[in-house]
Amino acid sequence: MNLRPLADRVIVKRIESETKTASGIFIPDNAAEKPDQGEVLAVGPGKRNDKGDIAPMNVKVGDRVLFGKYSGQTVKVNGDELLVMKEDDLFAIVEGK
């Protein structure tokens with residue numbers, strides 16, 4: 001199944017956090033916080049402005065983005081947990097690695 005987001009929505013896959021600290025301590029799954037970074041997998045066409053024109057999206061497929069801990073709606077597709085959220089829910093694009 002493929003998802004094609006509508007309007008100004010994006011599909012994001014969370015980037016998993018490390019389960020081991022720098023000093024070698026393992027963090028159990030129930031104690032680890034969900035990461036607030038993800039990779040954009042799909043982008044909608046954009047939102048219509050007051051004039052009826054479609055405003056282009058600021059993110060593109062493959063961008064690494066920051067978002068709030070409780071942003072978006074979780075969906076499962078082919079066993080993967082994905083987030084569907086509006087572009088406004090994104091805080092920033094992470095540039096560089």
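Just so you know, these numbers come straight off a predicted model, no measurement behind them. Just so it is clear, the values below take in all heavy atoms, side chains as well, and ignore hydrogens, waters and symmetry mates.
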Is any side-chain heavy atom of [Y] closer than 4.5 Å to one of [X]?
{"X": "R9", "Y": "V84", "answer": "yes"}
{"X": "I11", "Y": "P5", "answer": "yes"}
{"X": "V65", "Y": "Q37", "answer": "no"}
{"X": "F67", "Y": "L90", "answer": "yes"}

Nearest 0.5 angstrom please: [X] [atom1] to [Y] [atom2], how far?
{"X": "N78", "Y": "K76", "atom1": "CG", "atom2": "NZ", "result": "11.5 Å"}
{"X": "K86", "Y": "Q73", "atom1": "NZ", "atom2": "CD", "result": "13.0 Å"}
{"X": "R14", "Y": "L82", "atom1": "CZ", "atom2": "CG", "result": "10.5 Å"}
{"X": "N2", "Y": "R4", "atom1": "CG", "atom2": "CZ", "result": "10.5 Å"}
{"X": "D8", "Y": "M85", "atom1": "CG", "atom2": "CE", "result": "12.0 Å"}

Group every Ile, Leu, Val, Met, Phe, Trp and Tyr by side-chain heavy-atom contacts under 4.5 Å, then state whether V61 and V10 land in the same group. yes
Who pairs with K13 by side chain to side chain donor-acceptor pair (under 3.5 Å), at least two apart in sequence or on another chain? none
The side chain to side chain donor-acceptor pair (under 3.5 Å) partners of D63 (sequence neighbours excluded) come to K60
Atom of S71, atom of L83 and distance for their closest heavy-atom approach: O-CD2, 3.9 Å
Without placing hydrogens or testing angles, list every side-chain donor-acceptor pair under 3.5 Å for residues 38-50, not counting sequence neighbours.
from: R48; atom 1: NH1; to: G52; atom 2: O; distance (Å): 2.6
from: N49; atom 1: OD1; to: K51; atom 2: N; distance (Å): 3.0
from: N49; atom 1: OD1; to: G52; atom 2: N; distance (Å): 3.1
from: N49; atom 1: OD1; to: D53; atom 2: N; distance (Å): 3.0

Give me the other members of the hydrophobic cluster that F91 sits in, counting Ile, Leu, Val, Met, Phe, Trp and Tyr linked by side-chain heavy atoms under 4.5 Å, directly or via other members. L66, V94
Quick one: does E81's side chain have a donor or acceptor within less than 3.5 Å of a partner on V75's backbone? no
